[in-house]
Amino acid sequence: MKRLQRSLVGALGLALLLPFGSAHAQGIAEQVARVGDGVVRMSFPSRPGVCGSGSGIAIRDPRTGDGTNLIRWSFPGGGRDGDLVCEPGPVRVELRVAGGQVTGMRTTVGGGDEPAGRDLGMVSPAAAVEYLMALAAQAPGEVGKEAVVAAVLAEGAPVHPQLLRLAARPEAAAKTRKQAVFWAGQTGAPVGDLARLYAAASEPEVQEQVIFAYSQRRDPEAVRELLRIARADGDVRLRKKAVFWLGQAAGREATRELGGMVEEQGVPTEVKEHAIFALSQRPRDEAVPALIRIARENPNPRLRKRAMFWLGETGDPRAVAFFEEILRH
């Protein structure tokens, strides 16, 4: 009797996190809680391009079939895109339940259809997403992370608004929030929404994930946000992260901005050193002239020395000629 009471309380708590009127999602929560102890499985249609082998999952461009950076591997020893025999969905989610609470999850696509303890069969993707996002909001980190991944695989779910709401919940586990930010960026969350999340977040780990999300975009607005953080954020560690990703950004504009940051007043020397390193990672035709200019003209000897170090690493003839010039004088 006590176990049944605990199960029903857990179901009620999860149901309260779901949007009003989500009867199907509440039904999933109640059925999971009623199991008490055991395994529950549900299946739902996958978004276009999702495929898997039972042990690995990929999201491919549905127009071309090519792999994308939206790939999640679960092979015991890792794997490569070419190694994965991809079968289309549905997505299968197995929930390990103890005392009416979800304590573990496994998400698969393709592969064998092994029986589970209790199979809810096919559920609507909308109900699955609502249930999984509510579960992620209250579950421990590993379960929450897996719930986010499973939700992202669902058909027709515009999940980035839900993901951003989850990422903004301070009571959710940090691992879950980071996963939510990652997938929000990958599923097209507007840069302005990511910026508001960054400003509101109190955990540097979540802010770092927003910085990474910016780095995966090539639109000017994302680059401007990286520049803003690199120049003015109060956390030096976050500024360094932004500088690093600026160094990976495409285009000569990033090189100009990094070079300008080294010359700016008010930027900590530690951050400027990271900007010099980021410059050194740019294509040589951009990096070498910029590093020579710093090594020749910057008033800070520490920064000049750092620029000369990275010039030496390039092995470029222009760097050799610059060193010869210094030695002659």
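Atoms considered below: every heavy atom in the structure, side chains included; atoms not considered: hydrogens, waters and symmetry mates.
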Distance, nearest 0.5 Å, that separates SG of Cys51 from CD of Glu87: 9.0 Å

Ser280 side, atom OG; Leu258 side, atom CG - distance, nearest 0.5 Å: 10.0 Å

Step-by-step side chain to side chain contact (heavy atoms under 4.5 Å, CB included) determination, Phe323 to Leu311: CA-CA 9 Å; Phe323 295 145; Leu311 275 171; 3.8 Å; yes

Pair Leu120-Arg41, side chain to side chain contact (heavy atoms under 4.5 Å, CB included): steps then yes or no: CA-CA 6 Å; Leu120 304 184; Arg41 184 170 73 178; over 6 Å; no

Salt-bridge present (Asp233, Arg239; N to O < 4.0 Å): no

Heavy-atom side-chain contact between Ile57 and Leu153 under 4.5 Å: yes

His160 (side chain) donor-acceptor with Thr187 (main chain) under 3.5 angstrom: yes

Residue pair Arg92 / Val109, side-chain heavy-atom distance below 4.5 Å: no

Salt-bridge contact Glu208-Arg237 (side-chain N to carboxylate O under 4.0 Å): yes

Check: Gln31/Arg118 side-chain N/O donor and acceptor closer than 3.5 Å: yes

Main-chain N/O of Arg169 paired with Arg177 side-chain donor or acceptor, under 3.5 Å: yes

Side chain proximity check, Val206 to Val181, heavy atoms < 4.5 angstrom: yes

Minimum heavy-atom distance between Val93 and Ala150, given as atom pair plus value: CG2-CB, 3.9 Å

Tyr198 versus Asp193, side-chain donor and acceptor atoms under 3.5 Å: no

Taking every non-hydrogen atom, the tightest pair across Gly144 and Thr176: CA-OG1, 3.3 Å

Name every donor-acceptor pair, under 3.5 Å, that has one atom in a side chain of residues 221-232 and the other anywhere in the protein, sequence neighbours excluded.
{"from": "Glu225", "atom 1": "OE1", "to": "Arg228", "atom 2": "NE", "distance (Å)": "3.0"}
{"from": "Glu225", "atom 1": "OE1", "to": "Arg228", "atom 2": "NH2", "distance (Å)": "3.1"}
{"from": "Arg231", "atom 1": "NE", "to": "Glu264", "atom 2": "OE2", "distance (Å)": "2.6"}
{"from": "Arg231", "atom 1": "NH2", "to": "Glu257", "atom 2": "OE1", "distance (Å)": "2.6"}
{"from": "Arg231", "atom 1": "NH2", "to": "Glu264", "atom 2": "OE2", "distance (Å)": "3.4"}

Exceeds 12 heavy-atom contacts within 6.0 angstrom, atom NZ of Lys241: no

Side-chain heavy-atom pair Pro140, Lys175 within 4.5 angstrom cut-off: no

Pairing of Arg318 and Asp285 as salt bridge, 4.0 angstrom limit: yes

Distance (rounded to the nearest 0.5 Å) between Met308 CE and Ile294 CD1: 11.5 Å

Pairwise side-chain contact, Val191 with Tyr214, heavy-atom cut-off 4.5 Å (strictly under): yes

Heavy-atom pair with the smallest gap, counting every atom of Leu194 and Val210: O-CG1, 3.7 Å

Test: Glu273 and Arg302 ion pair at under 4.0 Å: yes

Val143 and Thr103, any side-chain heavy atoms less than 4.5 Å apart: no

Ala29 versus Tyr131, closest heavy-atom pair with distance: CA-CE1, 3.7 Å

Shared hydrophobic cluster for Met261 and Val236 (ILVMFWY, side-chain gaps under 4.5 Å): yes

Steps toward salt bridge (charged side-chain N to carboxylate O under 4.0 Å, His left out) verdict (Glu297, Arg304): CA-CA 8 Å; Glu297 300 174 5; Arg304 292 200 305 271; over 6 Å; no

Step-by-step side chain to side chain contact (heavy atoms under 4.5 Å, CB included) determination, Glu94 to Thr108: CA-CA 8 Å; Glu94 289 188 0; Thr108 59; over 6 Å; no

Geometric class of the Trp245/Phe212 ring pair [parallel <30°, tilted 30-60°, perpendicular >60°]: perpendicular

Derivation and outcome, side chain to side chain contact (heavy atoms under 4.5 Å, CB included), residues Lys145 and Lys178: CA-CA 8 Å; Lys145 284 175 61 178; Lys178 287 176 63 177; over 6 Å; no

Flag, side chain of Asp37 to backbone of Gly99, donor-acceptor distance under 3.5 Å: yes

Main-chain N/O of Glu155 paired with Arg47 side-chain donor or acceptor, under 3.5 Å: no

Side chain to side chain, Val149 and Trp183, heavy atoms closer than 4.5 Å: yes

Gap separating the CG atom of Leu279 from the CZ atom of Arg306, nearest 0.5 angstrom: 13.0 Å

Heavy-atom check, side chain of Arg165 versus side chain of Pro161, under 4.5 Å: yes

Path from Phe309 to Leu291 over hydrophobic side-chain contacts below 4.5 Å: yes

CG on Asn298 to CG on Leu303, rounded to 0.5 Å: 5.0 Å

Closest non-hydrogen atom pair between Ala151 and Leu132, with its separation: N-CD1, 3.7 Å

Distance-only donor-acceptor check, side chains Glu146 and Thr107, under 3.5 Å: yes

NE2 on His274 to CD on Glu270, rounded to 0.5 Å: 7.0 Å

Minimal non-hydrogen separation, Leu166 against Ala180, with atom names: CD2-CB, 3.9 Å

Residue Lys272 excluded, over 12 heavy atoms near NZ under 6.0 Å: yes

